[in-house]
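Below: the structure, in structure tokens.
Residue numbers count from 1 along this sequence. Whatever order the structure lists them in is the order used to number ligands and atoms, beginning at 1.
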Amino acid sequence: MSTGFFDGIAPIRYEGPDSANPLAYRHYNPDEVVMGKRMEDHLRFAVAYWHSFAWEGQDPFGGQTFVRPWHPQDDMGRARLKADVAFEMFDLLGVPFFCWHDADIRPEQGSYAENLRTLEEITDYIGVKMEGSKTGLLWGTANMFSHRRWMAGASTNPDPDVFAYAAATVKGCMDATHKLDGQNYVLWGGREGYETLLNTDLRQELDHMGRFLAMVVEYKHKIGFAGTILVEPKPQEPSKHQYDFDAATCIGFLRKYGLEGEVKLNIEQGHAILAGHSFEHELAVAAAEGMLGSIDMNRNDYQSGWDTDQFPNNVPEVALAYYHVLKAGGFTTGGTNFDAKLRRQSLDAEDLIAAHVGGMDICARGLKAAAAMLEDGGLEDALAERYAGWESPAAQAMLESDLASIQARVLAEGIEPEPRSGRQERLENYVNRFV
Ligand code: XLS
Ligand code: NI
Ligand code: NI
């Protein structure tokens, strides 16, 4: 029995690039084979429960703009209605996955025990809905940033009771994710950072965060959770400074605490921009270390300087992102989670559908362009040519030698390097042929 929320909207179908239907896929054709794999299996789209169903339209200057039948979100009956509507949208879109925080799916109120009980209840309810749907769980996570108890951090909180509460919360969320056969478990350190160094012991906080993550990994193995543990870099917001600043910082952190073989990264476009990087920079850094796990797809407004979490709409950017994903071998447990929300004036049910249809189409176009570039091999050939000098035995031997021997060889052979063009414009022109 339908909730009626999406009344009048038919399931979204692929109609091809010439379709003028605003609610049809023009590029996302789940069964189309790209580089030997179905598009759906490449992209592994997920809807983010928080932006689409839990967020009520607030911004720093104004309150709720969306009025939904499941508001106010303080009651289990309305939490079930929210889940019913969510699965109606997943079915209309034909998305293979969704993602949640505990606080998105059940009311955040009462004691720890009460929150755990309602989490178990709603995830049982969601589990039954999943049986009747093609949509699985890409990842679950704990919201350890909204409630006031987390204001000074979760695992990095100076109060050991908050560390305990965080450990208990993550255990409950991992159990629920495991129960729903989640493909990954994510930790984004929303308040794992500081507001001022004047009251912060960096060393102690980082050690606690490292130990906490090790406990997560230990528990994953204990319960036989086969998914991947992912951390999500972001430089700031809500904290002034977050410890998981960017991909390189996270990789250093994971190595310091011996977790580099156990944890991968969930890279988000908007967070990359906030860190002063590009999305493809963050993806390339993660991939270079074999730690590219999953992506949060969105885009930031390039003027506002906030994490605006808009739906993607820039094909050249998205194409370069998927180029790095494909080059790294594609997703295994990861996928493309739309960590993206409507603008707060987009009030209609149809806006939610249109946003995802557009985002999925942009990603499909980007994927196809990325695959075409990889298959053509132009960038890889140019790379191979640029580094070809290193194939020579003399160059390889140098890496096993030492400064003094290298100096002797430079003198003996009269080595004087000849600068060569980096050919950046030519490569940029090449990319533009595909996007
Ligand atoms: C916020 C983060 C958050 C994580 C999940 O900026 O992107 O949505 O993806 O906690
Ligand atoms: Ni984000
Ligand atoms: Ni995110």
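Some N or O of D307 is nearer than 3.5 Å to an N or O of ligand 1, by distance alone. Considering backbone and side-chain atoms alike, H271 places an N or O below 3.5 Å from some N or O of ligand 1. In terms of polar-atom proximity, defined here as any N/O pair under 3.5 Å, D339 does make such a contact with ligand 1. The distance criterion of under 3.5 Å between nitrogen or oxygen atoms is met by D296 with respect to ligand 1.
Remark: K179 pairs with D124 by the salt bridge (charged side-chain N to carboxylate O under 4.0 Å, His left out) rule, at least two apart or across chains.
H101 NE2, 2.7 Å is the protein heavy atom nearest to atom 10 (O) of ligand 1. With respect to atom 6 (O) of ligand 1, the closest heavy atom belonging to the protein is K234 NZ, 2.9 Å.
Between F145 and H101, the distance from one ring center to the other falls under 6.0 angstrom. For F97 and W139, the distance between ring centers is not under 6.0 angstrom.
A salt bridge is absent between E88 and K129: the closest approach of a Lys/Arg side-chain nitrogen to an acidic carboxylate oxygen does not fall below 4.0 angstrom. Salt-bridge check for E280 with K327: failed, with every basic side-chain N at 4.0 Å or more from each acidic carboxylate O. Look at E192 and K234 and you find no salt bridge, because none of the NZ, NE, NH1 or NH2 atoms lies under 4.0 Å from a carboxylate O.
Ligand 1 has no atom lying under 4.0 Å from any heavy atom of E237. Within the 4.0 Å heavy-atom cutoff, W139 counts among the residues contacting ligand 1.
A distance of 11.0 Å separates CG of L202 from CG of D207, quoted to the nearest 0.5 Å.
For the Ni ion (ligand 3), the set of protein N/O/S atoms nearer than 2.8 Å consists of E232 OE2, E268 OE1, D296 OD2, D339 OD2, ordered by chain and number.
Of the candidates E232, H51, K341, it is E232 that places a heavy atom closest to atom 9 (O) of ligand 1.
Using a 4.5 Å heavy-atom threshold, the side chains of F279 and L320 count as separate.
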